[in-house]
Amino acid sequence: MSGSLTSVVVRLKLSLLANGLRQSSGRTAAFVASAVVALLFAAGQLVGLVLLRGAQSAATVVVLLIGLVALGWAFMPLFFPSGDETLDPTRLVMLPLRPRPLVAALLVASVVGIGPLFTLCLAVGGALALAHGAVAVLVAVMAVPLALLVCVALARAVAAANIRLLTSRRGRDLAVLSGLVIAVGIQFVNFGAQRLGRAGGLEALEPVAQWVRWVPPASALGAVDSAGSGAYGTALAQLALSAVALGGLLYAWQHSLTRLMTAPDGSTLAAASKPTRGTSSTGLHRLLPGGRTGAVMQRSLRYVWRDPKTKAAWVTALVIGLIVPLFNALQGTGSIYFACFASGMLGIQMYNQFGQDTSAFWMVAQTISTPRDAYLELRARALALLLITLPYTLLVTVATAALLGNWAALPEALGLALALLGAMLATGAVASARFPYSIPQGSAKNVAPGQGGLAWISILGGMIASAVLCAPLIVLTVWLNATDAESALWTLLPIGIAYGAVVAWGGLRVAAPQTAGRLPEILAAVSKG
């Protein structure tokens, strides 16, 4: 039964892959191109690892590389759940299948694909680099498939444990955050590479590798190195650790499959009879002003919390706005003025305010009949944004000053950052009225087809205009520093606060009549796609 089920599942996966490629020539071309690139990169990695054979740092590189690959296997299903349709075991719940043979069949089917082949190349290259002696070769023969199976089982166990989330609408929107993970990962890699270069080479990673070599599946390749150096007991323990990890992952995977196939979910249960107390019970409304201003602020904040794309944009801005100034400060190459980057990242959230409403903007448009109504709407949205951006800007500026030890420049840097924030609120309000565009729902794209030019004009033009608006304060800051007027630098903080507030108020006043006069055009633009 198990053997026949395995062959059926493998053929099923191959059929799904083939049928998916037949859907369009573009998808076929993308798959072939990605496969070629991945295989060429894997071949290069394999050759590079083989060339490390005999090098002192070979074990460090191999162990850390396998550890990073395993980390990727653990997280990729969370961000790309649709990349492999067989990751969803709920498609099989109506079939008379037992979890144990199903796990074995899915495990074999999981090693069919580009990802497993890439991982296999890295494991083979690492084993060839570390295998010295007959015993080490024997251990490598067991370690390579063991490392591959641990990676695959890890991905499957994570996917099965989170499949209810991943197959829901909100779970699929987790893929939007993949860009954030990549951006943050690039910053960490850049920071680590610079620290590694200053440390004098791979020897600085040796303490980390000593720990990672005991973490499956890296421990399987660590066993090859231990066997090659004559530490047979250590090699046996590391190999056994990976085997135990594989067994634990398979058990967790089987347990998740059993729960998925036997436990009812929300679609088969009646709605909870417990009455809800309403969204106002959160207490948020008590902290906001009354009337239209408070209602609009609460709506905007709920968009940030509930709408996946709005939330992704905010999380990306918050994280990137924090790590750029702080990482540069940690590397000793930063400036306290890098804190303005945080203001810029969050100020962009003011752009295309009506686009985040999508087609629901028609309900907002019904409440705008005069420039006064438009001004109140825009002002409330700006105030909602300030509830987050003001404390965040203060936090980033203070943290940057603390890391650099440059407390004397804190007032001027904070003044500049707040002035920039006010300028971006002003230009964002005008851009929202003049260059609105649609944000497609249920799509990975953030701009509807044909509106890319509007998005570029809105954001890039607004950023240039913001820089121009901040020019007087920038000139004043440069002049005070050039003339060594240190006693007057603190005045840049109140000046920056006042300047930013006046500029923001002026921008809202300019944008209000444009918003009221262009409601049909705005509604048509944000409803497209």
Side-chain angles (χ1 to χ4, degrees), residues 289 317-318 320-351 375 378-431 462-511:
L318 290 169
I320 301 301
L322 179 67
I323 65 177
V324 168
L326 294 191
F327 271 38
N328 280 278
L330 286 171
Q331 294 171 15
T333 59
S335 167
I336 192 171
Y337 298 109
F338 276 25
C340 294
F341 189 83
S343 300
M345 289 296 298
L346 294 188
I348 292 177
Q349 307 309 311
M350 186 64 187
Y351 292 76
Y375 172 75
L378 288 169
R379 186 187 67 178
R381 292 178 183 239
L383 290 174
L385 188 144
L386 287 173
L387 283 180
I388 303 173
T389 56
L390 282 179
Y392 179 82
T393 301
L394 176 62
L395 171 66
V396 173
T397 309
V398 171
T400 305
L403 289 175
L404 294 173
N406 191 8
W407 292 104
L410 176 61
E412 57 187 281
L414 185 57
L416 276 175
L418 295 177
L420 176 61
L421 180 60
M424 297 200 74
L425 291 179
T427 57
V430 175
M463 292 175 66
I464 295 174
S466 299
V468 173
L469 288 174
C470 289
L473 197 61
I474 295 174
V475 171
L476 178 60
T477 303
V478 173
W479 181 76
L480 289 176
N481 280 279
T483 57
D484 294 328
E486 296 182 359
S487 59
L489 287 175
W490 68 270
T491 60
L492 291 173
L493 177 56
I495 292 175
I497 294 174
Y499 187 82
V502 171
V503 170
W505 175 81
L508 294 175
R509 284 295 183 183
V510 171

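For clarity, every value in this text was computed on a predicted model and none was experimentally measured. Positions are given from 1, in the same order as the sequence printed here.
At least one donor-acceptor pair closer than 3.5 Å links the side chain of Y392 to the backbone N or O of L318. Checked by atom type and distance alone, the side chain of Y499 never pairs as donor or acceptor with a backbone atom of L473 at under 3.5 Å.
Using modelled atom types and a 3.5 Å distance limit, the side chains of Y337 and T400 yield no donor-acceptor pair.
Atoms CG and OG1, from L418 and T397 in turn, are 7.0 Å apart once rounded to the nearest 0.5 Å. Taking CG of L394 as the reference point, atom OG of S343 lies at 10.5 Å (rounded to 0.5 Å). The line from CD of E412 to CG of L489 is 4.5 Å long, rounded to the nearest 0.5 Å. Rounded to the nearest 0.5 Å, atoms CD1 (I336) and CH2 (W407) are 8.5 Å apart. L492 contributes atom CG, which lies 11.5 Å from atom CD1 of I474 (distance to the nearest 0.5 angstrom). Interatomic distance, L403 CG to F338 CZ, rounded to the nearest 0.5 Å: 13.5 Å.
Closest heavy-atom contact between C340 and A413: SG-O, 4.3 Å. The two atoms that bring M463 and Y351 nearest to each other are N-OH, 3.7 Å, heavy atoms only. Scanning both residues, V503 and L469, for their nearest heavy atoms gives CG1-CD1, 3.9 Å. When all heavy atoms of M350 and L385 are compared, the pair lying nearest together is N-CD1, 3.6 Å. Residues L378 and A511 come closest through the heavy atom pair CD1-CB, 3.8 Å. The two atoms that bring A342 and G321 nearest to each other are CB-O, 3.5 Å, heavy atoms only.
With contacts defined as side-chain heavy-atom distances shorter than 4.5 Å, the pair W479/L476 qualifies.
Test V398, L414, L386 against T393 for side-chain contact (heavy atoms from CB on, under 4.5 Å) and you get one pass: L414.
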Intermediate values then yes/no, side-chain contact (heavy atoms from CB on, under 4.5 Å), L421 and L390: CA-CA 9 Å; L421 180 60; L390 282 179; 4.1 Å; yes

